[in-house]
Number of protein chains: 2
Amino acid sequence: MQSIQKTKATEQMSMPVRTRILAVASDLFERQGFVNTGINQIIEDSGSAKASFYDHFLSKEKLGQEYLKIYGDGHIGLIRTLMERSDSVDVFVEGWVRILKRQLRNKNFYGCPMANLRAQTTNGFDLLQSSIADLANKTIEVLADCVEKFDRSQITINREKALLTARRIFAAYEGAVHVWQLTGDASALDDIAFLVRRLLPPAA
Amino acid sequence: MQSIQKTKATEQMSMPVRTRILAVASDLFERQGFVNTGINQIIEDSGSAKASFYDHFLSKEKLGQEYLKIYGDGHIGLIRTLMERSDSVDVFVEGWVRILKRQLRNKNFYGCPMANLRAQTTNGFDLLQSSIADLANKTIEVLADCVEKFDRSQITINREKALLTARRIFAAYEGAVHVWQLTGDASALDDIAFLVRRLLPPAA
């Protein structure tokens, strides 16, 4: 694994050092976990100097927050793009499941980074935990926008109801991802689509 | 935290050493995480000797498997008892949510031990990961028994269909627990009941 990591790091040598550290750290956090990744390994694999690491990131927790921010921007952007390109909840949720399954086939899917980080930061890391909560709430907000766009049955009569349905859609996503992570059964990811259809039924 | 731990450990001094180590380890694994808990802390907090620890447990991974087995027996037993005592899916799932909320109020709920352990063992621990998968599949099996008992709409015409619905109920549980863990919003646990009702509708 370390040799793959080093090849990647070599490719990344042309990047600015900050970007390089972030790319290497993100990869390590996803593959081996935040808690199992030491700053020394990040410094070594990114070919940077210790002083340079601390110039750019004050601590491992700050680095974790930056990693989460980059993941979060992509994650929220993906849901928003899918929403804009879909004309029904079926198209939206099937697109979402398709993307997760593609990541899985490309060995580029390690579950939900929010949930993994949360489970790995039981001991301290209050700032990071608060960033995780912010991103989870942002996810529910963007899913509420989807609910408002796709609700043909008018069950979400106001923002509060849309947020409640969105929280349940988020639970369907987290749940299916965790059932996959626990059992190794990739077809569990299809349950996202199944559950979301139950939450946002087509117009009667 | 360590002083609470030590008080508990003192109370546990009358237990046989194996039980004492397991009680202390379980508590530490839940509160601060498997990966953040070192063998030395378990030995110290349980007032046992290093040699005695290794007499009873060959490794931290073996200890993790014992912890998971104890949790798993309780977890499967709880679902089975709830099933036996309930005459409808509503009674069953409301009982389940009530128990989770009570654990939360008693500050005795840290999310799903299977999912937390899984997220904390990204790096190695193949035996433990395989025990986690076994317990997840056992959970789906016992939930399939519930589905067969409570299905009034006859949507689960055979064991295969019951297992599929059970996998989705497990996803509802994992999802709601994770939404709580990510956002801190305890009412997310109610979504288990909501989603399960959508999966096992009352007879038409």
Side-chain angles (χ1 to χ4, degrees), chain A residues 1 28-37 110-125 129-130 132-137 139-140 164-165 167-185 187-192 194-195 197-199 201, chain B residues 1 28-37 110-125 129-130 132-137 139-140 164-165 167-185 187-192 194-195 197-199 201:
Chain A
M1 286 225 291
L28 290 171
F29 291 164
E30 305 240 316
R31 283 193 299 113
Q32 65 185 33
F34 178 76
V35 78
N36 299 311
T37 302
Y110 302 90
C112 167
M114 288 179 272
N116 289 341
L117 264 183
R118 181 64 189 75
Q120 291 166 6
T121 53
T122 337
N123 218 3
F125 296 109
Q129 284 192 15
S130 143
I132 296 167
D134 287 347
L135 182 55
N137 285 316
T139 305
I140 294 173
L164 186 59
T165 302
R167 186 181 77 190
R168 290 163 180 161
I169 292 175
F170 187 38
Y173 164 78
E174 286 294 335
V177 166
H178 278 89
V179 173
W180 160 73
Q181 212 164 4
L182 290 167
T183 63
D185 176 3
S187 65
L189 295 175
D190 293 320
D191 294 343
I192 303 173
F194 186 90
L195 287 163
R197 270 189 214 107
R198 292 288 161 116
L199 289 167
Chain B
M1 285 226 292
L28 290 171
F29 290 165
E30 306 240 315
R31 283 193 299 112
Q32 63 186 34
F34 177 76
V35 77
N36 299 312
T37 301
Y110 302 91
C112 168
M114 288 180 271
N116 289 342
L117 264 184
R118 182 62 189 77
Q120 291 165 7
T121 52
T122 336
N123 219 3
F125 296 110
Q129 284 193 13
S130 142
I132 297 167
D134 287 349
L135 182 55
N137 285 316
T139 306
I140 294 173
L164 185 59
T165 302
R167 187 181 76 190
R168 290 164 180 159
I169 292 175
F170 187 37
Y173 164 77
E174 287 293 335
V177 166
H178 278 89
V179 173
W180 160 73
Q181 212 164 4
L182 289 167
T183 63
D185 176 4
S187 65
L189 295 175
D190 293 319
D191 294 343
I192 303 173
F194 185 91
L195 287 163
R197 271 189 213 107
R198 292 288 162 116
L199 289 167

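Note that the structure is predicted; figures quoted are calculated from it, not measured. Throughout, protein chains are lettered first and strands after them, A, B, ... in sequence-line order, and every chain is numbered starting at 1.
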Chain B heavy atoms under 4.5 Å from A/Glu30: which part of the residue, side chain, backbone, both or neither?
backbone
Using a 4.5 angstrom heavy-atom cutoff, name the option from B/Ala133, B/Gly111, B/Ala171 with the most pairs to chain A.
B/Ala171
Name the region of A/Asp185, side chain, backbone, both or neither, that has any atom closer than 4.5 Å to a heavy atom of chain B.
side chain
What are the two closest non-hydrogen atoms of B/Ala176 and B/Asp191, and how far apart are they?
CB-CB, 4.4 Å
Over 60° means perpendicular and under 30° means parallel, so tell me whether B/Phe34 and B/Phe29 are parallel, tilted or perpendicular.
perpendicular
Can you tell me which portion of A/Ile140 sits under 4.5 Å from chain B's heavy atoms? Options are side chain, backbone, both or neither.
side chain
May I ask you to name which of A/Gly33, A/Ala188, A/Ala136, A/Ala115 has the most heavy-atom pairs under 4.5 Å with chain B?
A/Ala188
When you compare the side chain of B/Leu182 with that of A/Phe170, does any pair of heavy atoms fall below 4.5 Å?
yes
Apply side-chain contact (heavy atoms from CB on, under 4.5 Å) to A/Phe194 and list each qualifying residue two or more places apart in sequence or on a separate chain.
A/Arg198, B/Arg168, B/Leu199
Top residue by heavy-atom pair count (under 4.5 Å) with chain B, among A/Glu174, A/Arg118, A/His178, A/Gln120?
A/His178
Taking A/Ala119's backbone N and O only, do any of them form a donor-acceptor pair with B/Gln181's side chain (distance below 3.5 Å, no angle check)?
no
Side chain, backbone, both or neither: which part of A/Leu195 has an atom under 4.5 Å from a heavy atom of chain B?
side chain
Partner chain B: residue of A/Leu164, A/Val177, A/Thr139, A/Val35 with the largest heavy-atom pair count (under 4.5 Å)
A/Val35
For a 4.5 angstrom cut-off between non-hydrogen side-chain atoms, does A/Ser187 reach B/Arg167?
yes
